[in-house]
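First the structure, in the form of structure tokens, and then the observations on it.
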There are 2 protein chains.
Amino acid sequence: MSDQRVENMSLKHAVLALLQAEEGSGYDLSKRFKSGLGYFWSASHQQIYQQLKKMLAEQLIDVREMPQVGKPDKKVYQITALGEEVLRQWIESPCKASKVNDAFLVKLYAGDCVDNQVLLAKIVEQQEYHRKLLATFELLERQYLDLDPAQRSSYKLPYMTLRKGILGEQAWLAWSKEALALLTD
Amino acid sequence: MSDQRVENMSLKHAVLALLQAEEGSGYDLSKRFKSGLGYFWSASHQQIYQQLKKMLAEQLIDVREMPQVGKPDKKVYQITALGEEVLRQWIESPCKASKVNDAFLVKLYAGDCVDNQVLLAKIVEQQEYHRKLLATFELLERQYLDLDPAQRSSYKLPYMTLRKGILGEQAWLAWSKEALALLTD
DNA sequence: TTGACCATGTAACCAGTTACATGATTTG
DNA sequence: CAAATCATGTAACTGGTTACATGGTCAA
């Protein structure tokens with residue numbers, strides 16, 4: 001009577017991915033989600049703290065308490081051998097289709113019940129956001145390209161995901177120009 | 001002491017968007033999610049049936065029971081004036097940042113704990129998926145372009161979202177070629 | 001002195017997934 | 001004869017969001 005749980009949802013795995021690269025506190029992980037992984041896997045700090053508690057119980061991670069002076073104490077988490085094994089197996093398992101929930105496109109889709117000006121303004125507003133994001137990505141890319149070849153090779157995979165971000169944002173901006181042209185005829 | 005609920009999550013609004021275009025049963029909506037809107041807003045049939053029940057209670061929609069012969073009876077839902085108003089206000093309200101959860105990219109990001117071959121195979125497998133999706137989109141585009149100008153204008157906004165799909169998938173495929181090259185050096 | 005950053009969490013609620021449940025008709 | 005399509009739902013669970021809660025340091 002084995003407890004064959006399917007175990008497929010993956011904030012857990014995203015956290016393992018981060019801890020595999022480097023140990024860190026909940027707060028650290030939260031920042032790393034915001035700056036890197038978060039562009040394709042989002043997580044709030046509340047979610048992260050809860051998740052770490054669960055993962056500790058499952059022995060996927062260990063914790064070390066770090067007293068600090070002038071700052072609140074930290075709990076620094078490390079991935080365990082079991083955690084690494086679980087991560088590896090998850091990576092090798094089939095990918096679930098990625099879920100997209102893009103409210104902006106739903107609004108456009110149903111946009112004939114509002115004024116055209118409203119839609120134009122929305123697109124322009126989103127362009128602003130995507131331009132900034134692309135600029136951020138391009139900055140990160142320049143930093144990567146300035147590394148010497150040895151260091152570059154150790155960041156090759158994260159760099160690949162960064163390139164995904166760059167091409168994706170460029171495509172978004174190219175689309176938005178088309179969209180504005182279509183709307184203004 | 002007003003009950004100022006923020007009311008921002010939007011399966012509800014996606015359903016209103018579909019019903020605004022045309023009335024339909026839960027089953028119909030489910031299919032329409034799968035074929036069109038679903039590319040940027042996903043919903044299971046269970047979710048849809050529950051949502052319709054709530055929206056009926058909130059008087060955003062009405063229902064008409066349709067007995068059928070040789071098929072199970074249908075409940076056909078229509079958007080109400082209140083529903084239209086709620087949809088309009090939602091469209092005009094600020095967009096929440098769209099949430100992405102892409103397990104494939106998390107796997108790549110953390111991929112140095114598995115064999116390179118595994119990653120190559122994953123990319124090729126995903127390419128397959130994205131090629132098919134692009135082909136589907138291109139078919140829909142051809143259908144749109146074959147319409148006469150009058151009809152085209154009434155599908156202009158959905159067509160814009162289709163173009164988003166096409167440019168997005170093309171970018172994905174372009175990226176994947178880069179990624180394969182990077183991985184095999 | 002205001003706001004950002006550091007650092008941790010709990011609780012209530014809402015949204016989404018998985019599993020279960022039924023049953024007729026049509027197509028290969 | 002099996003599988004897909006039509007058509008509706010419930011129940012239990014898991015994942016995610018919002019709101020609340022605390023409190024010190026540092027820079028403008």
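Rounded to an integer number of Å, the gap from NE2 of B:His13 to P of C:dC14 is 14 Å. Atom pair B:Lys34:NZ and D:dA4:P shows a separation of 14 Å (rounding to whole Å applied). Rounded to whole angstrom, the span from the CG atom of A:Asp73 across to the P atom of D:dG23 amounts to 15 Å. Straight-line distance from the CE atom of A:Met66 to the C1' atom of C:dT8: 15 Å, rounded to whole Å. D:dT14 atom C1' lies 12 Å from atom CG of A:Leu11, rounded to whole Å.
Side-chain N or O atoms of A:Thr80 include one that pairs as donor or acceptor with a backbone N or O of A:Leu60 at under 3.5 Å. Using modelled atom types, one side-chain atom of A:Lys107 and one backbone atom of B:Trp90 make a donor-acceptor pair closer than 3.5 Å. Listed for the A:Lys156 side chain is a donor-acceptor partner under 3.5 Å among the backbone atoms of B:Leu182. A donor-acceptor contact shorter than 3.5 Å links the side chain of B:Lys122 to the backbone of A:Ser93. A donor-acceptor distance shorter than 3.5 angstrom exists from the side chain of A:Gln78 to the backbone of A:Val76, with no hydrogens or angles considered. Listed for the A:Ser154 side chain is no donor-acceptor partner under 3.5 Å among the backbone atoms of A:Ala150.
For A:Lys96, whose side chain is taken as the heavy atoms from C-beta onward, the closest listed nucleotide among D:dG15, D:dT8, C:dT17 is C:dT17.
Between B:Lys74 and A:Lys54, the residue anchored nearer the 5' end of DNA chain D, judged by the nucleotide with its closest heavy atom, is B:Lys74.
With the end axes of the helix from C:dT1-D:dA28 to C:dG28-D:dC1 each set by five pairs, the angle from one to the other reads 50° at 10° resolution.
Regarding contacts with the backbone of C:dT8, every side-chain N or O of A:Lys53 stays at 4.0 angstrom or more from both OP1 and OP2. Put simply, B:Lys12 has no side-chain N or O that comes within less than 4.0 Å of OP1 or OP2 on C:dA15.
Between the side chains of A:Glu141 and A:Tyr159, at least one donor N or O sits under 3.5 Å from an acceptor N or O. Between the side chains of A:Glu85 and A:Gln89, at least one donor-acceptor pair of N or O atoms lies under 3.5 Å.
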Carefully, step by step, assess B:Lys74 and B:Asp28 under the rule salt bridge (charged side-chain N to carboxylate O under 4.0 Å, His left out). CA-CA 10 Å; B:Lys74 265 189 179 192; B:Asp28 293 334; 3.4 Å; yes
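Counting only heavy atoms from C-beta outward, the side chains of B:Tyr109 and A:Trp41 never approach each other to under 4.5 Å.
More than 12 heavy atoms of other residues, nucleotides or ligands lie within 6.0 Å of OH in A:Tyr144, so this atom counts as buried by the packing criterion.
Residues from residues 45-52 of chain A with heavy atoms under 4.0 angstrom of DNA chain D, sorted by number: A:Gln46, A:Gln47. Non-hydrogen atoms lying under 4.0 Å from DNA chain C are contributed by A:Ser25, A:Gly26, A:Tyr27, A:Lys31, all within residues 25-33 of chain A.
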